[in-house]
Q: 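Dropping the structure in here first, questions after.
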Number of protein chains: 2
Amino acid sequence: MTEIEPIRRTSLHSELVRRLKELIADGALRPGSKLVEKDLCDSFGVSRTPLREAIRALAAEGLLVLTPNRGATVATVTEDQILESFLVMGALEGLAGELAAPRITGAQMAALRAAHAAMLDCRRAGDLDGYYAQNRAIHDTIFDAAGNGTLSETRRMVHRRIVNLRFIARIGDEEWAIAIAEHEEMLVALEARDGPALGAVLRRHLESKRQQVARWLARQG
Amino acid sequence: MTEIEPIRRTSLHSELVRRLKELIADGALRPGSKLVEKDLCDSFGVSRTPLREAIRALAAEGLLVLTPNRGATVATVTEDQILESFLVMGALEGLAGELAAPRITGAQMAALRAAHAAMLDCRRAGDLDGYYAQNRAIHDTIFDAAGNGTLSETRRMVHRRIVNLRFIARIGDEEWAIAIAEHEEMLVALEARDGPALGAVLRRHLESKRQQVARWLARQG
DNA sequence: TTACAGAATTATGTATACAAAATTACGCTT
DNA sequence: AAGCGTAATTTTGTATACATAATTCTGTAA
């Protein structure tokens with residue numbers, strides 16, 4: 001029996017949204033750089049119509065900035081906006097913690113412990129990418145456990161502004177130790193199913209990250 | 001000297017975004033209703049190209065939902081999403097309060113007191129629209145005073161989901177009394193420049209609103 | 001009458017064509 | 001050579017045309 005071909009029910013413009021997001025996330029399209037429609041059409045092999053729809057969608061999401069009659073540029077994020085975002089993330093993660101602690105399932109708890117262990121391995125191995133991935137998995141799981149889709153979606157919007165920091169951030173030994181200690185506090189609060197405690201730990205965790213980033217930014221101007 | 005004509009530097013699609021947002025906010029386009037491109041083109045007097053760009057932008061913002069090959073519908077908000085949104089709003093307003101209290105200016109404080117007084121007048125006059133406007137002004141001022149643009153923007157996104165409740169919500173006497181008492185607590189915390197206190201009041205304020213809405217929704221199913 | 005198959009119509013998705021604004025190139029003047 | 005104004009080119013904005021999927025209509029059979 002021949003395998004069923006994966007019919008493409010997706011439209012060109014939504015596919016373009018996906019691809020452009022990747023290019024921006026990977027840094028292939030740098031913040032501030034201009035998007036020339038013709039060039040992108042040629043490289044993607046599509047006409048301007050779906051490309052422009054994709055550009056408008058990304059602009060509405062805040063990833064691009066439109067200037068009338070002058071096209072789109074990749075949105076830039078100022079240092080102030082980064083620090084602002086950490087404050088907002090603190091409030092969101094705090095709420096996530098409060099909601100997650102009484103609701104987390106055994107499977108989610110196990111996933112969290114596994115991710116934490118994997119994160120420690122990554123640290124020992126000096127695997128920075130792996131560390132970020134595991135860290136991300138931990139926080140994702142907490143938001144999943146919170147069971148509030150609006151919260152998760154809101155977090156995604158804000159998180160996008162700070163995720164690119166991974167390109168420039170170097171984590172010092174003591175900073176790493178702090179982060180791991182805070183993560184272990186999270187596990188304790190989760191096991192105790194203590195929502196307020198987990199919320200407090202997460203708020204503190206985000207605040208210490210914010211201060212780390214503030215120091216990095218101050219150091220390199 | 002003839003007055004300078006206001007040149008329209010705005011594009012059709014961004015204008016369409018504005019108009020469509022209005023139609024959705026006013027309830028002229030009901031949640032769940034389908035947007036037929038040709039009909040909208042005829043009524044706006046534009047071609048499909050800019051209209052579709054506007055539709056894609058609104059979909060990216062979450063106001064519309066796209067179904068492949070089947071067009072756009074106005075996003076529906078479930079009761080769960082409304083209650084979720086109040087939880088997120090609580091976290092955001094709490095942070096706004098913490099930041100605003102130490103930073104608020106004299107002018108902003110005066111505006112707050114004026115809006116509060118006007119809100120009381122609206123209550124006495126039974127002016128529900130005025131009440132909502134003043135209430136909105138109070139919370140806007142607090143977010144302005146917080147001085148965190150990311151926070152304000154995040155709040156706007158979440159607020160959109162619950163703003164349409166004003167169409168269905170009837171405020172009982174005791175609910176009104178609670179809201180006013182909480183607003184007066186806010187003014188006290190602001191005068192004391194006590195961030196944590198203002199944050200706590202705002203979190204409590206949003207939580208009591210959430211519970212009110214939960215009761216309304218439960219009552220009318 | 002109801003159910004269903006297939007044609008006709010309508011709506012959406014994409015490409016192309018045309019208009020207007022912005023950018024670049026070029027030549028002129030100083 | 002530098003500055004500036006104008007023409008040529010490029011790029012964006014909008015309209016139209018064509019292709020394909022979805023819906024509606026219609027006629028036939030049970």
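A, B, ... follow the sequence lines: proteins, then strands. Residue 1 opens every chain. Scope of the values below: all heavy atoms of this structure, side chains included, with no hydrogens, waters or symmetry mates.
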Q: Is it the case that C:dG13 (base atoms only) and B:Arg48 (side chain only) share a donor and an acceptor within less than 3.5 Å, ignoring hydrogens and angles?
A: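 Indeed, a donor on one side and an acceptor on the other fall under 3.5 Å apart.
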Q: Strictly distance-based, threshold 3.5 Å: is any side-chain N or O of A:Gln81 a donor or acceptor partner for the main-chain N or O of A:Thr78?
A: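 Checked: pair present.
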Q: Is the distance from OP1 or OP2 of D:dT14 to the nearest side-chain N or O of B:His13 less than 4.0 Å?
A: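 So the side chain of B:His13 is within the cut-off, an N or O lying under 4.0 Å from OP1 or OP2 of D:dT14.
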Q: Specify the residues of residues 29-46 of chain B, ordered by number, for which at least one heavy atom lies under 4.0 angstrom from an atom of DNA chain D.
A: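 Result for residues 29-46 of chain B: B:Val46, sorted by number.
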Q: Taking 4.0 Å as the cut-off, does a side-chain nitrogen or oxygen of A:Arg70 come that near to OP1 or OP2 on D:dG13?
A: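 No, outside the criterion.
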Q: For B:His139, what residues pass the ring-ring contact (aromatic ring centres under 6.0 Å, His included) criterion, not counting sequence neighbours?
A: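 Scan of B:His139 (ring-ring contact (aromatic ring centres under 6.0 Å, His included), adjacent residues dropped) gives B:His183, B:His205.
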Q: What is the bend of the helix from C:dT1-D:dA30 to C:dT30-D:dA1 when you compare the axis at one end with the axis at the other, using five pairs each and rounding to 10°?
A: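 The value is 0°.
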Q: Would you tell me if any nitrogen or oxygen in the side chain of B:Arg56 comes within less than 4.0 Å of OP1 or OP2 on C:dT12?
A: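 The answer is no; no side-chain N or O of B:Arg56 sits under 4.0 Å from OP1 or OP2.
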Q: With salt bridge (charged side-chain N to carboxylate O under 4.0 Å, His left out) as the rule and sequence neighbours excluded, what pairs involving residues 130-145 of chain B come up?
A: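 Passing the test, one end in residues 130-145 of chain B: B:Arg136-B:Asp140, B:Asp140-B:Arg155.
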Q: Is the side chain of A:Thr67 donor-acceptor paired with the backbone N or O of A:Arg70 at a distance under 3.5 Å, no angle test?
A: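 Judged by distance alone, no pair lies under 3.5 Å.
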Q: Has A:Lys34 got more than 12 heavy atoms of other residues, nucleotides or ligands less than 6.0 Å from its NZ?
A: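 Atom NZ in A:Lys34 is crowded, with more than 12 foreign heavy atoms closer than 6.0 Å.
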Q: Show every salt bridge (charged side-chain N to carboxylate O under 4.0 Å, His left out) that has at least one partner inside residues 91-108 of chain B, sequence neighbours left out.
A: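 Found B:Glu98-B:Arg203.
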Q: Enumerate the salt bridge (charged side-chain N to carboxylate O under 4.0 Å, His left out) contacts for residues 106-118 of chain B, please, sequence neighbours excluded, ordered by first and then second residue.
A: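 Counting only pairs at least two positions apart or across chains, the salt bridge (charged side-chain N to carboxylate O under 4.0 Å, His left out) contacts touching residues 106-118 of chain B are B:Arg113-B:Glu191.
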Q: Send over the distance from B:Arg52 CZ to C:dT12 P, rounded to a whole Å.
A: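 From B:Arg52 CZ to C:dT12 P: 8 Å.
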Q: Could you tell me whether the side chain of B:Thr154 and the main chain of B:Thr150 form a donor-acceptor pair under 3.5 Å?
A: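 Yes; at least one donor-acceptor contact below 3.5 Å.
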Q: Between D:dT14, C:dG13, C:dT16, which nucleotide gets closest to the side-chain atoms of A:Thr49?
A: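 Closest nucleotide to the A:Thr49 side chain: C:dT16.
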